[in-house]
Amino acid sequence: MLFGLLPTPALAGDQIPHWRLSARVVAVGLPEVAGVREVGRFHIGGPIPGNPEFLMATREGRVLDPLRVLVAVGSNFGAPPGDPALEAGAILSIDARAGNSAGTIIVPRDLAGNDRDARVQLYTTQSERFLNRRYNAKARTARFAAASGPRYVSINNAFGRPWIANAPNGINGEGSVTVVDPDGAPLANAPSREAGGVFAGRQTDREQTPKGQPSGWLGKLLNYRASGQLTSGGMQTGALGTAFLGPSPDGSGFAVFAAVTADGSVVQIHVQDGVDGLADPGTVSTGLGTLSAGLGAASAGQDIGDDPGVIGVAFKWNPDRALYVADPGRDRLVLLELEDDRRHFTVARTRTISLPEFDRPVDVAAAIPEIANPQFSSHTTLAGGSDLFVANRGDGSLLRLSQDGRLLARATIEVPGIGPLGADRLRAIATSADAQHIWITIGGEVPGFPGLEGALVEVGAFDEHGAAAAMQGTQSAAADANLAARGKKSFQTDFTPRMGLGPLFNATSCVACHPGPGGASIDESHFARRIAHMDPGSGRTVPIDHPNSPVARRHALRDGMRIVSAAMPSQANVISLRMPLALYGIAGIDEIPDSVIEAQAISKGDGIKGRAHHVVDARGASRVGRYGWKADIATLEDMVANAFANELGIASATVSREAGALPIEDESAQIEAVAFYLRTLRLPDGAKP
């Protein structure tokens, strides 16, 4: 079940491209499935990377592994309810990568205490272990769980944690929004004594307000006075969507989230100060029977109407602030342009986006999520200039829109055994951190899996030009084998000056220094020579300004063709020999998450600690270095390019990978092939590591 892209003929005069996207079924057995979100990487400086115990939860295979996917489901999966009067529900952590190689994941009906299948884990559920009173016994919402009738997930990857929108009393009863620690329980050491980690109904409305924007901890401590809400509003009905708004404008540094409730209102939640309103009931609608604008559930005395499952939200923070909210009852998006009064957020202007292609739009997602900014990073936040994806529950289609509401492309989802996803199947969507694929939750059964309600599927991202390229883990075995074969051929090739060798180099092939191929060499003529100049008086080591430094290559080209010995820089008085290492399994280093490396660099009380070397990779992204003598090379591909340049003298290899540089196609393809070949290298039978 590979990702595919097939053009569908457009109607006469219709210039909007329409694509058919082949889906991969990742997991089945997700009853009452709703929101979905990829975990993503938490920024250094936030509470999760700063806490060794929390940080371990982000390791590969753990519940908050950055590449795992969180899914909101309406089942406790065997766990006894913490409060039988409230809705069941759970947030599952699913390793969607494992589904590529091992087939579709079948989620067991009883997950409580299950550790047999690490591909699916119970992050939190409506049970005693995950009640607010675990860490916040005196909170007004102590009896509420982190997940109870969960509908939507947003994650503060910038400086915080996952937040969950819940309908614990159904859509007509009071809603809740929870802040969840990595252990699945509502927030420990919560800034709000009244709420702890659960904000619900009218119980946790704002009761204090800052007097100014002081600096220093003492000034902030004395900065508050008692108050009522700054803007009226609460969660009298189920919370169906939530999005991260960033740090509070009051200067406290605490996170603020928006939440959309079933009566069509939008509220804002300050993690310390509680709930304020933002937009009135009726701002958006769920469907037939929805309350009129300005009416609350209690005063109207009528049902909300249709249950859309979720009401998706996405936040634009740059260059101005705006909240995009799905309006399934009126087939439109509502755009709330935000300002602030230096205390909380306010709505400056409300606009709408209406298109004929909207058919009960229930969810929105950033086409490119904000992952870089340490103040706004979240998959519910649009990166600068990002388009939006809109999910139509009415006909099962996906739309790509510009921020100003122009329709750029439409896509139909082809599910194996079903064909085009039809009406009322699509539940929610989320874009991956790399912006290459889209996670989708769908209701009902998938053919081949009878009795297993609800599924998580994956499709390629798309725009007006087509779908994203084939993603990691989805290429065919034949294509993989062909790429590996091309990489092996390049690894064993004897390069000549006409092929780019020189002018300074250590060998004419990769295999010369890594025989086997891929092994280590104890031949001293293959050792790299790291050189420098040490001042005899001070002992300071300084680099040498010379073309044959800091790695002194052994060979050079004379007149562009003849190979001669390269001259050692005369200033060199320090030489360090470095043996070529075996390359078997070296690609595994690239698979270690940054969080794992950073976790090991934290002092564990034994006086030993390290320092993660943060570098910028060839695409301009910051990450922990993994390769090179000082961990100064970010990725396996960058390491191969560096070896081509330093060991073979093919300098264009590194130039082609510089951020913003135009790629040199032949060198770039060669590097990718060699890197892929190294990923396939295994120790020969009987060899010792």
Side-chain angles (χ1 to χ4, degrees), residues 37-51 54-55 58 64 66 153-163 177 179-182 187 190-192 210 212-217 219-220 223 242-259 268-273 276 278 313-324 336-348 365-386 388 403 430-431 433-435 594-595 598 614 616 620-624:
R37 196 71 58 205
E38 187 174 296
V39 173
R41 180 177 180 272
F42 294 93
H43 278 262
I44 295 171
I48 291 181
N51 182 319
F54 284 0
L55 189 57
T58 68
L64 293 183
V153 180
S154 179
I155 303 178
N156 177 359
N157 297 105
F159 55 90
R161 299 164 171 83
W163 288 54
V177 174
V179 195
V180 190
D181 275 338
L187 182 62
S192 171
Q213 291 185 315
S215 60
W217 67 269
K220 291 180 179 179
N223 187 40
T242 184
F244 178 48
L245 295 180
S248 172
D250 64 16
S252 64
F254 286 107
V256 179
F257 274 69
Q268 55 186 308
I269 304 164
H270 189 296
V271 73
Q272 175 180 262
D273 297 344
D276 279 299
L278 189 62
V313 203
F315 178 58
K316 172 190 173 187
W317 72 276
N318 184 28
D320 46 62
R321 295 170 293 184
L323 201 62
Y324 291 84
L336 304 177
E337 297 181 357
L338 302 185
E339 293 180 342
D340 69 77
D341 58 8
R342 297 174 64 86
R343 298 178 301 171
H344 77 324
F345 293 100
T346 58
V347 176
I368 304 176
E370 177 58 73
I371 64 171
N373 190 285
Q375 294 292 306
F376 294 96
S377 180
S378 172
H379 289 342
T380 54
T381 304
L382 280 69
S386 168
L388 298 102
Q403 291 184 7
T431 313
D434 62 7
D594 284 4
S595 60
E598 290 160 351
H614 291 87
V616 176
S622 176
R623 64 173 299 185
V624 173

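Residue numbers count from 1 along this sequence. Keep in mind it's a predicted model, so treat the numbers as computed, not measured.
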Quiz item: What's the verdict on side-chain contact (heavy atoms from CB on, under 4.5 Å) for Leu338 and Leu278, showing C-alpha distance, side-chain angles and the deciding distance?
Solution: CA-CA 9 Å; Leu338 302 185; Leu278 189 62; 4.2 Å; yes
Quiz item: Ala255 and Phe244: which non-hydrogen atoms are nearest, and at how many Å?
Solution: CB-CE1, 4.0 Å
Quiz item: Between CG of Asn157 and CD of Glu370, what distance do you get to the nearest 0.5 Å?
Solution: 10.0 Å
Quiz item: With no hydrogens and no angle check, is any side-chain donor or acceptor of Ser377 less than 3.5 Å from a backbone partner on Pro374?
Solution: no
Quiz item: Is there side-chain contact between Glu38 and Thr431, with at least one heavy-atom pair below 4.5 Å?
Solution: no
Self-check item: Interatomic distance, Ile155 atom CD1 to Leu64 atom CG [nearest 0.5 angstrom]
Solution: 7.0 Å
Quiz prompt | Asp273 and His344, any side-chain heavy atoms less than 4.5 Å apart | solution = no
Quiz item: Looking at CZ of Arg623 and NE2 of His614, how far apart are the two atoms once the value is rounded to the nearest 0.5 Å?
Solution: 10.5 Å
Quiz item: Which atom names give the shortest non-hydrogen contact between Arg37 and Val153, and what distance separates them?
Solution: NE-O, 2.8 Å
Quiz item: What are the two closest non-hydrogen atoms of Ser378 and Pro369, and how far apart are they?
Solution: O-CB, 4.2 Å
Quiz item: If every non-hydrogen atom of Pro49 is compared with every non-hydrogen atom of Phe42, which pair is closest and at what distance?
Solution: CG-O, 3.5 Å
Quiz item: Can we call the ring centroids of Phe257 and Phe315 under 6.0 Å apart?
Solution: no
Quiz item: Which value, rounded to the nearest 0.5 Å, describes the distance between Asn373 atom CG and Asn318 atom CG?
Solution: 8.0 Å
Quiz item: Any side-chain donor paired with an acceptor under 3.5 Å for Asp250 and His270?
Solution: yes
Quiz item: So do the side chains of Thr380 and Thr242 get within less than 4.5 Å of each other, counting heavy atoms only?
Solution: no
Quiz item: Which heavy atom in Gly160 sits nearest to a heavy atom in Ile48, and how many Å separate them?
Solution: O-CD1, 3.7 Å
Self-check item: Distance (rounded to the nearest 0.5 Å) between Trp317 CH2 and Thr381 OG1
Solution: 9.5 Å
Quiz prompt | Trp163 side chain reached by Ile269 side chain, heavy atoms, under 4.5 Å | solution = yes
Quiz item: Side chain of Tyr324, backbone of Gln403: donor and acceptor closer than 3.5 Å?
Solution: yes
Quiz item: Which heavy atom of Phe54 sits nearest a heavy atom of Arg161, and at what distance?
Solution: CE2-NH2, 3.7 Å
Quiz item: Quick one: are Val256 and Val271 in side-chain contact, heavy atoms under 4.5 Å?
Solution: no
Quiz item: If you measure from NZ on Lys316 to CG on Leu382, what distance do you get to the nearest 0.5 Å?
Solution: 8.5 Å
Quiz item: So which of Asn156, Leu323, Val313 actually passes side chain to side chain contact (heavy atoms under 4.5 Å, CB included) with Leu245?
Solution: Leu323
